[in-house]
**Student:** 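A single structure is presented below for examination.
Within every chain, numbering begins at 1; the chains are lettered A, B, ... in the order of the sequence lines, protein sequences first and strands thereafter. Remember, predicted model here, so these are calculated numbers, not experimental data.
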Amino acid sequence: MDLVFIQLLNGVQYGLLIFLAASGLTLIFGIMGVINLSHGSFYMLGAYGALTLTAFTGDIFLALLIGVPLAFVFGIVIEWLFIRHLYDRDHLQQVLLTFALILIFNEAQKLLWGSYPHSVPIPSYLQGGVKISALLTYPYYRIAVAAFCVALALLMVFVIQKTRVGRIIRAGESNREMVEALGIDSRLLFRFVFAAGVALAATAGIVAAPLESVYPGIGEPILIISFVVVVIGGIGSVKGAFIGAILIGVADALGKVYFPAFSSSVVYALMAAVLIARPGGLFGRAA
Amino acid sequence: MSTPAILAENINTHYGRSHILRGVSFRVAPGETVSLLGRNGMGKTTLLRTLAGLVRPSSGSIQLNGAEVTNSRASSRSRAGLAIVPEGRGIFPNLTVEENLTFASRANNKGERPWPLERIYSLFPRLAERKHHWGNELSGGEQQMLSIGRALMTSPSIFLLDEATEGLAPKLRDEIWATVKQITQSGIAAIIVDKNLNDLLALADRNMIMAKGEIMFEGTSAALRADEALIHRHLGV
Amino acid sequence: MHNKSRISRRDALKMAGVGAAVAAFPFARPAISQGAPLRVGLLLPYSGTFAALGTAITNAMDLYVKQQGGKLAGRTIEWIKVDDESAPSKATELTNKLVEGEKVDVLIGTVHSGVAMAMAKIAREAGIPTLIPNAGANVLTRAQCAKNIFRTSFGNSQPGVAAGEAMIKAGIKTAVTYTWGYAAGEESVDGFKQSFLKGGGKIIKELRLPFPNVEFQAGLAEIASLKPEGVYSFFAGGGALKYMQDYAAAGLKSSIPLWGPGFLTDGVEKAAGAAGEGVKTASHYVESLDNAENKKFRADYNAAFKMFPDVYAVQGWDTTHLLDIGLKAAGGDVKKQDALFKAMREAKFNSPRGPFRLSAAQNPIHNFYLRELKGGQNVFLGVAATDVSDPTTGCSLA
Amino acid sequence: MLARPRPIVIVVLLALLAYAVALPFFGGPFALKLASRIMIVGIFVISLDLLIGVTGMVSFGHALYFGLGAYSLYFISPASAAANGFAAIPFAILLAGVAALVVGSVAVLTKGFYFIMVTLAFGQMGFSLFFDTKIAGGTDGAYINVRPIFSLGSQQLLNFSDRTVFFYFCLAALVLSYLFLLWLVRTPFGRVLQGIHHNDARMSALGFNTYAYKLASYVIAAAIAGFAGVLFASIDGYVAPELLGWRESGLAIMMVVLGGAGTLYGPLLGAILYSVVEETLKSSTELSAFFSIFMNTATAKWLGGIVANSWSMALGFFLIAAVLAAPKGIAGFIEKFAGEAKSAKPREIKPSAQTHEPAKAMQLEVENLTRAFGGLVAVNGVSVKFPPNKVHGIIGPNGAGKTTFINVLSGTLKPTQGNIRLESEEIGGERPHNVARRGLGRSYQRTNVILPFTARENCALAAQAKFPSPFRFSNKWQRDEEDQAVENALRASGIAPERADIKASNLSHGEQRQLEIAMLIASGAKLLLLDEPLAGMGPEETGRVTALLRELSADHTIVLIEHDMDAIFAAADTLTVLVEGKLLAHGTPEEIRSNAAVREAYLGEWGQEAKQ
């Protein structure tokens, strides 16, 4: 198979994974107006959670079943303890507080799981892969992750477009006051959205764990790349996050092939270019 | 004397340094329709928003159907039976007409739904025609209908209507007024703010005029009509 | 809202008082009395990516001193630990803190090459005895060498040289290199090229990935299309683990053997699982080395810490060993620098890794072993290269 | 406007200064280095505060310039000799400034969160440049082997290798940087920056090119950061790519927020506190010593060890506590403690040579003015003349086109058809800031003053709009004329002298509306276009402002929209009635009162019903 095609495939698959993490960030930012620097930490906790839960249950998908609700509850606790104090505050104070959370979570990770890298097993039924060239195999688990991400994206579309919760989320994005005036407690909405964002980040961390292996600081690159995706897509837009994530994934993969020396700048250059052409991101309301 | 639907006592509301409501007190009986009149900037909208819980008064107390709500959130007032159709309509642009309507559909505390979706659609057939359109695809009049319909679907016992006919063509206004009449006659307590004196006086059991953040006049439509000087001073040219 | 955060004047005064007291602390530290324990500053990562390495090194050093009854050359050892966070931008400040703030007698650090560069800058100026238990930046024992700086680990190129020789011996004629595009990766590849090209090998392409990126897919696809006979890769820690897994998952493991320096598998032997099976590495240490020092060291370390030592622990052990030799020659007095440095420079001892001595630039000359990862262990295949030393290019001591 | 530091702040800063001056006499070499480092970081963070706190631009890439400054010393230093400080420092400032000009010209186009992200992107690109390529030592950083010296000819003046010299140099650099920034934000230039922070749109409506101002402030901040960077590189002679990375940028933001953004001295205190807390939390020795104040030595040692082992968690909890307890940072805490600010003394104004002539009011004439939005004709063929020195009221029902009408007059909207003549000059279709500079000033429906500024400062800002150059750093130029204009405006608008020097946010609503009028007067407007100046006022305030309008008409022409009929009928000389975009009537209040058409249009059917 053509090398460029394989790279595109890799880029899309990587993009799908960052979409998972970025979608939670864009929801939290778009609806609650909170800049959450600790989003990468929830990804990290998801990955480490996967390590423990897989050891316990023996299967990453069982870990997912237990881990996601746990992450949701954890999100509620964090919102109640810290985040709810920030809604009337300056963005800068949100930055400071969520940065402090990173410090705490990183240290907690070290105390709970130690500093050695670990790997999380791929379930036996997903071992191996599809042969796509003479030497190259595309692993089943990567295909499964891509499919899972697409399924989750479709589920999110369904939830947001077709369910009552989704209606409230969409309404909250455009007119919070009216949501409150119609009898929906916006404090609960915020708590739910934050917890959902945490659960999404953790989900990304869990499904990525067998791919990424698990090591300290695993959440930081994801944080930065998620912010880039959110900004490219337009703040608050899940659709934008999806397109942005795929764009970034592909740009990153192609950048590594064609501009290896500057490949870490490619995504930033892309973001700067998008913002100069469309100051509100691809699907955002103008800033 | 029965428990008033709304009992407001000595409400003061500030926006920053500006003192908008200055000691407003009044009551609205269950099922009563009250008009709220006055020129722009006199505090009518602020009063409605204060009643709905969208603005916190700096002092005073508010009771709805006998329950103290001064410090409760807008959402809990809504669930207690208060509905507001705000100035600007507050339509959710990224929800369809039907989603807007069913957004907060709920029964009242007796478990009844006096305004089910079918009734709203028969009240405003145009909404039924456009039920799959997005909120921002509607004309001003349709948005107004949608906002009223959405409020009714919360099965309210108290209904606040702010500038429902603003910017609408005369024919549409008539349509809106006809519906509002049906609503007020259904036993809901209502406070209605509007510029169209005639329509209001025809509808209201009682009228209040606000000026400079205070209620200057309370009385029946007949009493108000009789006082041409008052109308001239606060409402006319 | 503002009511909540209102603070009374008295509270304010109290808080200001505590604040001032805290603020004065770093500036007013107690004087160090003479004749006190020998203060050894440890500039090592205790948090972040390299925390495990910092801990292993510290454990082994502690074990060594404990086995000597808590004293080296008659002096009680006191460790002053500072977490360097592997952040070069903080490194000079933290080194200053140890050298001038804590007034340590000996400086030991560190893992990250950038941090070590910053540390070495200050150590050279201060002239303090300094031992590097891991960081491999070539320049530290080449152009930037100094009489007070000793390295007990390796130069980045050394494992590459050994691996290149071993790959030639294994009959591999064409190779692709795939490394993190930062200094350690480049230097490792430089070493590899040295011996691989000399042995008649051909390098088809040098692939790089920005550090610490771990999206290897693009490079793996390219490797598959280039079809070399072997791949030489430098990655470490979590990145190495992920790399081996991706390499195996891409189906490359069965067709193109993966080679690398020891760091590719060190610390992640078990975690790599099936993906690591068959990965060959060249390192200055193998767990199963058959020598008395190694056996004893492994047993003692396991008894003390309930885990077996890795190469980093060995480097920590040798660091203390080397310091011990120097101190004994100087009678426990680090002020006697001539005796101290001379003894350390000329030290020759049997380490768990085998015979250990230093080059003129004070970098180890030691054997490199060929290892293969099997069943969660690096299995000893043989000696890849004996007495490997690093060039002393530009070093004023050589 | 950012005030001169309060006495208690000056006391705190002087105490710190005295401590610093004395430090070399009792502190060891480490204390000197640590203090030098903190002072350099202090310069860096106050430069960031110029962006975050003063201009309101949160840059997440400020370390780019700090790092460039540091690397510039590497570039300029010979391999084994000292660079000359007289060359190195200007080179660093220039390099950082030029880089900022390039990056900023793009980044300043974006706002808010997008600005944060664009600056982050450029910062990371800068980091990659040094990290991924070998232009300066690559990943592992680079050495500057010999620290700079300052020499003129063969005369060596200063040598940075001498720590005490270097320490005092940094101290001087910090003091000068602080004083420079404090001076800068209080110049006309800085006043505009603060205005932009509060209300970008209003500032451009006053006639200021806000893009140029923001870019200038970005470049200045970067240049100072570059200066801090070159000093930083001189401490130990080692530079690493991480200096440019997002962590350093983020850390600087933390320090600014912790200290209190927008105060300049706050971020400095933030830098000190953050550094000292981190330093202390990392050291079990210091922690044990600290804990032993409260408990016995053994427990203190044990606890100190535990906390130091997890120092970053402790630091996290410290930061959370700080955010929750002191939302405005250390500076907010200090100023709360200090109580309300005392008003600054206004400057004595020299009586100007030329006697102040009563300004000539302007006449506004509108002919067949039409403005359509698509099919909707909001203003439809209106012709009316507003003679000078009169109060003209515009009334009409909602949706009659009144606001559109004045938006067209002020240049916010372009007319579809028709002419607008100010005196005899055609102004139809001109851009708002040009219309403003011809003498037509407008106020908005919502109060639109710069809240953190005093009334006097608000007026000074408006007066300055006559000369809106972004490179005005001097107070002297035009100062007397402007002060005179401010004085007149304050007096004319009836703001009580004792209220002129308190912050606008502490004025009553009525006073704020008066201030808005005062700003128009100060800007030199001769025709005032006021949109509902009485909205939201109590009866007393209404009376005061109506009287003010009467007085102002002595040397201004006033056109206002108003809904308070009592007030407008009392105050206006003429009334213009607009209905559905058309002119229904124009005349004196009495004429309008008795105009049948007006009564008909307003009272509508009710008029008839009432008669039934």
**Student:** Just how far is it from atom CZ of A/F227 to atom CE of D/M117, taken to the nearest 0.5 Å?
**Tutor:** 6.5 Å
**Student:** Parallel under 30°, tilted from 30 to 60°, perpendicular over 60°: which one fits the rings of A/F29 and D/F113?
**Tutor:**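 Because their plane-to-plane angle is over 60°, the rings of A/F29 and D/F113 count as perpendicular.
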**Student:** For D/I253 and A/F99, run side chain to side chain contact (heavy atoms under 4.5 Å, CB included): C-alpha distance rounded to whole Å, both residues' side-chain angles, the deciding distance at 0.1 Å, then the answer.
**Tutor:** CA-CA 11 Å; D/I253 296 179; A/F99 172 79; over 6 Å; no
**Student:** Side chain, backbone, both or neither: which part of A/I35 has a heavy atom under 4.5 Å from chain D?
**Tutor:** side chain
**Student:** Are side-chain heavy atoms of A/M271 and D/V118 found at a separation under 4.5 Å?
**Tutor:** no
**Student:** Quick one: what part of D/S310 sits under 4.5 Å from any heavy atom of chain A, side chain, backbone, both or neither?
**Tutor:** both
**Student:** Which atom pair, heavy atoms only, marks the closest approach of D/L319 to A/A100?
**Tutor:** CB-CB, 3.7 Å
**Student:** Looking at chain D, which one of A/L37, A/V231, A/I102, A/L97 has the largest number of heavy-atom pairs inside 4.5 Å, strictly under?
**Tutor:**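 Of the options given, most contacts go to A/V231.
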**Student:** Determine the minimum heavy-atom distance between A/E107 and D/N309, stating which atoms define it.
**Tutor:** OE2-O, 3.5 Å
**Student:** Atom CG in A/L275, atom CG in D/L109: separation rounded to 0.5 Å?
**Tutor:** 10.5 Å
**Student:** Within a strict 4.5 Å, meaning less than it, do heavy atoms of the D/I320 and A/I104 side chains meet?
**Tutor:** yes
**Student:** Between A/Y268 and D/F122 (side chain of the first, backbone of the second, donor and acceptor by atom type, cut-off under 3.5 Å), is there such a pair?
**Tutor:**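 Checking the backbone N and O of D/F122 against the side chain of A/Y268, no donor-acceptor pair under 3.5 Å is found.
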**Student:** Looking at side-chain heavy atoms only, is the closest gap between A/R89 and D/V323 below 4.5 Å?
**Tutor:** yes
**Student:** From D/F318 CZ over to A/L103 CG, what is the distance, rounded to the nearest 0.5 angstrom?
**Tutor:** 12.0 Å
**Student:** For A/L96, is it the side chain, the backbone, both or neither that has a heavy atom under 4.5 Å from a heavy atom of chain D?
**Tutor:** both
**Student:** Return the minimal non-hydrogen interatomic distance between D/V257 and A/L92, and the atom names on each side.
**Tutor:** CG2-CB, 3.6 Å
**Student:** What's the separation between atom CG in D/D132 and atom CZ in A/F259, rounded to the nearest 0.5 Å?
**Tutor:** 14.5 Å
**Student:** Please classify the contact of D/V58 with chain A as side chain, backbone, both or neither, using a heavy-atom distance under 4.5 Å.
**Tutor:** side chain
**Student:** Would one find more than 12 heavy atoms of other residues, nucleotides or ligands at under 6.0 Å from atom NZ of D/K328?
**Tutor:**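 No, NZ of D/K328 has 12 or fewer neighbouring heavy atoms, counting only those of other groups under 6.0 Å.
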**Student:** Tell me which of these, A/D90, A/I224, A/T98, has more heavy-atom pairs under 4.5 Å with chain D than the rest.
**Tutor:** A/I224
**Student:** Is there side-chain contact between A/I276 and D/T110, with heavy atoms separated by less than 4.5 Å?
**Tutor:** no
**Student:** When rounded to the nearest 0.5 angstrom, what distance separates CE in D/M313 from CG in A/L111?
**Tutor:** 5.5 Å
**Student:** Do the side chain of A/Q93 and the main chain of D/P327 share a donor and acceptor less than 3.5 angstrom apart?
**Tutor:** yes
